[in-house]
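Please read the structure below before turning to the comments.
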Number of protein chains: 2
Amino acid sequence: MDTKNEKTYTLDAIAKELGVSKTTVSRAISGKGRIGFETRERILEFIKTNNYKPNVIARGLAEKKTYNIGLALPEELKAWDSPFCHRSINGICDVATANDYDLILLWINYNNITQLKRIVDNQKADGIILTRTMVKDDPVKYLKKAEMPFVVIGSSDDKSVTHIDNDHVQACKTLTELLLSRGLKKIALIGGETHLCVTNSRLKGFNLALEGKEKSVKSKVVLDAITQPQIIKATDEVLESKPDCIVCMDDYICSVVMTHLNERRISIPEDVSIATFYRSVMLEGFNPPITGLEFDEKALGGIACEKLIEKLKGKDVQDFLNSDYRLFMGKSIKQ
Amino acid sequence: MDTKNEKTYTLDAIAKELGVSKTTVSRAISGKGRIGFETRERILEFIKTNNYKPNVIARGLAEKKTYNIGLALPEELKAWDSPFCHRSINGICDVATANDYDLILLWINYNNITQLKRIVDNQKADGIILTRTMVKDDPVKYLKKAEMPFVVIGSSDDKSVTHIDNDHVQACKTLTELLLSRGLKKIALIGGETHLCVTNSRLKGFNLALEGKEKSVKSKVVLDAITQPQIIKATDEVLESKPDCIVCMDDYICSVVMTHLNERRISIPEDVSIATFYRSVMLEGFNPPITGLEFDEKALGGIACEKLIEKLKGKDVQDFLNSDYRLFMGKSIKQ
DNA sequence: CTGAAAGCGCTTACAG
DNA sequence: CTGAAAGCGCTTACAG
């Protein structure tokens, strides 16, 4: 066990103890440069038995690196996005750690980039991971000017930025096609903010699946349903066109729709089928289980971190669309 | 504006530019040691116009500090706890930043403390913030042995650990007393895991309010209702004793109870009143609005961070119970 | 294959 | 009031 009772060694102390120079010890650890086999073994042996861990900060200073990645979290995160956020942080952290990086937290509140500046100014990170909500305006502008490498989780319109996202278009197309193959003939859609890229991607997937089908298949589409009242209103609106299926763009919309249908005593799937383009844990309590797309946020976070680390190594990194997703089959749609 | 085009200064460069020693520049910045008024003004002026920021990592190395606080996040966090967690991180981060510290993230998965060890071994943090779920076993043991300062958000039975928590006992007592003062006469309680301190605190507050009242006031109490089916079962069980009010210990329990009552066509508050000892954003969508306790998780996180920083300054820090909370009055209880 | 030396960007006794 | 020097714990040309 590593207790504080053990002496805390430094490179220098080890060198003296072993009668070699610290250069040699350093080489044994880093694996860089030539070093005698036996010498190295002896040093590594000593390090192991004494549980020596090099001081990463000192190493960083010498190498002009921090071994830190700044993770920007949106302060104004909606409650429903928290679990998503939490899982993606998890994935980021695992990959960072595996690559000897640590994660430094910072908040971005809309365009308040005080904390982002702080990390850059204080030179506490080698690169930054943003999320899509931050792509507009200040954070991106600032990072570009400061020449700080960064990637973005999610999509935006800015082609000069590296995005890591789920392949929503493909996924939504697949789910919609499935609904069609189940014989559903009047499909309505309720979606969120049209100024978000993800909304447009989902709509695109939906429309792609409907292309070439009879026009009547596409029932009412209501977008920009954001607040609970708006979503309820959208539900009522959509119901008037008598759809046999309502597709919800995300988990929050879906939960409000489900609750509202229940209150209106509309049975699922007898009266109307329900599906969601984003099925999160928040939807797990509903009955019947809701058919929908599940994305692996942890994996996505991990990929984003990998891409950033590639960038830090000087590689040229392209946008990445993760096409791994699951289609959960629940009884919310007619069999 | 601070662009990369500007020269990036170091202490040494500034000293040469100004014809003084770096010692003097360092003193001007830190405010430590004596320095001529005019000299200091001249240096600070130069720093300001050139937007110089000292390299925090180098400073840390010299001072044998990291200016980092390790924040341990539980990997197995329940979805319902994420928003809570997110807000508290927010508070921690703000306070840390205000005190020149940054936050380093690490995961603890049950008793897997690999990442915790990593931070300690690599000497990347001066102290650690844990949450209550980690108090059992390994993380605390490890930190004690490693002599790494830490505080815990939430409560545990370990008296040798510094806890920062909400005053659940007091708050729950207050809410229960309010229910009594509203004329409610048969109050049931549904709660979660009895091995958690918070469950016992809530129960204690509940019982304190009922002390000295007629025995009949306390209706059925069911604890260890954790999963959705368990909570539904508990609800049915509790209903059999015909309570005029059901108190839920947390937001998740409350949401399941509300949904279940709705399915059973039991009206709130006509048939039964509902209150919750923990009212989070997740409960905001429910109708009628639910009476319950609201805690400021962001503030609690901030306090925890303050306490840790005091510890890092060598002060002796006691447990802290935050007694600020709000009582939200909703129509879920009879007027 | 190995080591002395300079350096990363700061702080802090110590001396004047 | 100010500065030269040593030091924090590493890395890395350079020389041998």
Side-chain angles (χ1 to χ4, degrees), chain A residues 7-44 46-47 50-68 100-102 119-126, chain B residues 7-44 46-47 50-68 100-102 119-126:
Chain A
K7 182 171 167 188
T8 302
Y9 279 98
T10 64
L11 260 201
D12 205 46
I14 295 177
K16 277 179 186 141
E17 194 94 27
L18 261 43
V20 294
S21 75
K22 23 185 227 174
T23 310
T24 304
V25 180
S26 175
R27 275 198 278 254
I29 295 169
S30 67
K32 293 176 195 163
R34 305 177 61 76
I35 183 173
F37 177 78
E38 207 174 300
T39 318
R40 190 181 61 218
E41 288 304 290
R42 197 159 59 96
I43 295 172
L44 291 183
F46 182 89
I47 285 174
N50 291 282
N51 195 40
Y52 164 76
K53 307 277 174 180
N55 182 315
V56 177
I57 292 186
R59 171 191 296 167
L61 187 62
E63 293 179 343
K64 294 205 157 224
K65 293 176 63 175
T66 66
Y67 288 104
N68 286 153
D100 292 325
Y101 280 91
D102 285 300
I119 296 293
V120 175
D121 281 344
N122 287 356
Q123 305 161 60
K124 285 208 75 164
D126 300 331
Chain B
K7 183 173 170 187
T8 303
Y9 278 98
T10 63
L11 261 201
D12 205 48
I14 295 177
K16 278 179 185 142
E17 193 93 30
L18 260 41
V20 294
S21 75
K22 18 184 234 179
T23 311
T24 305
V25 179
S26 175
R27 277 198 277 256
I29 295 169
S30 67
K32 293 177 196 162
R34 306 177 61 77
I35 182 172
F37 178 78
E38 206 175 302
T39 318
R40 189 180 62 218
E41 289 303 291
R42 197 160 58 98
I43 294 173
L44 292 182
F46 182 89
I47 284 174
N50 291 282
N51 195 41
Y52 164 74
K53 308 277 174 180
N55 182 315
V56 177
I57 292 186
R59 171 193 296 166
L61 186 62
E63 293 179 347
K64 293 204 158 227
K65 294 176 63 176
T66 66
Y67 288 104
N68 286 152
D100 292 325
Y101 280 92
D102 285 299
I119 296 293
V120 175
D121 281 345
N122 287 355
Q123 305 162 60
K124 285 209 76 163
D126 300 330

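Numbered from 1 within each chain, the chains take letters A, B, ... in sequence-line order. As the structure is a prediction and not an experimental result, all values here were calculated from the model.
Between B/Q123 and A/R27, the one whose closest nucleotide on DNA chain D sits nearer the 5' end is B/Q123. Place B/A58 and B/T23 on DNA chain C by their nearest nucleotides, and B/A58 ends up nearer the 5' end. For the pair B/T39 and A/S26, both in contact range of DNA chain D, the more 5′-proximal nearest nucleotide belongs to B/T39.
For B/D100, there are no salt bridge (Lys or Arg N to Asp or Glu O under 4.0 Å) partners two or more places apart in sequence or in a different chain.
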Using atom types as modelled, flag every donor-acceptor pair under 3.5 Å from a side chain in residues 29-40 of chain B to any protein atom, sequence neighbours excluded.
unit_1	atom_1	unit_2	atom_2	d
B/S30	OG	B/S26	O	3.1
B/S30	OG	B/K32	N	3.1

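One distance of note links CG of B/N68 with CD of B/Q123; it measures 12.5 Å at 0.5 Å rounding. Note that NZ of B/K22 is 12.0 Å distant from OG1 of B/T24, once rounded to the nearest 0.5 Å.
Looking at heavy-atom distances under 4.0 Å, A/T10 makes contact with sugar-phosphate atoms alone, never a base. Across all strands, A/L11 comes closer than 4.0 Å to base atoms (heavy-atom distances). Residue A/V20 is classed as a sugar-phosphate contact, given heavy-atom separations below 4.0 Å to backbone atoms only. Within the nucleic acid shown, A/K32 comes within 4.0 Å of sugar-phosphate atoms alone, with no base atom in reach, counting heavy atoms only. Nucleic acid contact class of B/Y52 (heavy atoms, under 4.0 Å, all strands): sugar-phosphate only.
The side chain of B/R59 approaches C/dC10 more closely than any other nucleotide in the set C/dG9, C/dC10, D/dC10. Distance from the side chain of B/R34 is smallest to D/dC1 among C/dT2, D/dC1, D/dT12. Here the side chain of B/L61 is nearest to one of C/dT11, D/dC10, D/dC8, namely D/dC8.
Atom CZ in B/R42 sits about 9 Å away from atom P in D/dT2, given to the nearest Å. Rounded to an integer number of Å, the gap from B/N55 CG to C/dG7 P is 18 Å. To the nearest angstrom, C1' of D/dG3 lies 14 Å from NZ of B/K16. Atoms OH (A/Y67) and P (C/dC8) sit 17 Å apart, rounded to a whole Å. As a whole-Å value, the separation of B/R40 CZ from D/dT2 P is 11 Å. Whole-Å rounding puts the A/K22 NZ to D/dT12 C1' distance at 12 Å. Computed from coordinates, the B/I35 CD1 to D/dG3 C1' distance equals 12 Å when rounded to whole Å. What separates CG of A/D12 from C1' of C/dA5 is a distance of 13 Å, to the nearest Å.
Formation of a donor-acceptor pair under 3.5 Å by the B/N122 side chain with backbone atoms of B/K124 is not found in this model. Distance alone, capped at 3.5 Å, is enough to place a donor-acceptor pair between the A/D126 side chain and the A/T66 backbone.
OP1 or OP2 of C/dG9 lies within a sub-4.0 Å distance of a side-chain N or O belonging to A/K64. At the phosphate of C/dT2, neither OP1 nor OP2 sits under 4.0 Å from any side-chain N or O atom of A/S21.
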_Bracket string, DNA chain C, 5' to 3' - pairs by Watson-Crick or G-U geometry under 3.5 Å, | interstrand_ = |||.||||||||.|||

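The distance between the ring centers of B/F46 and B/Y52 does not fall below 6.0 angstrom.
Between B/K53 and B/N51, the closest side-chain pair of non-hydrogen atoms falls below 4.5 Å.
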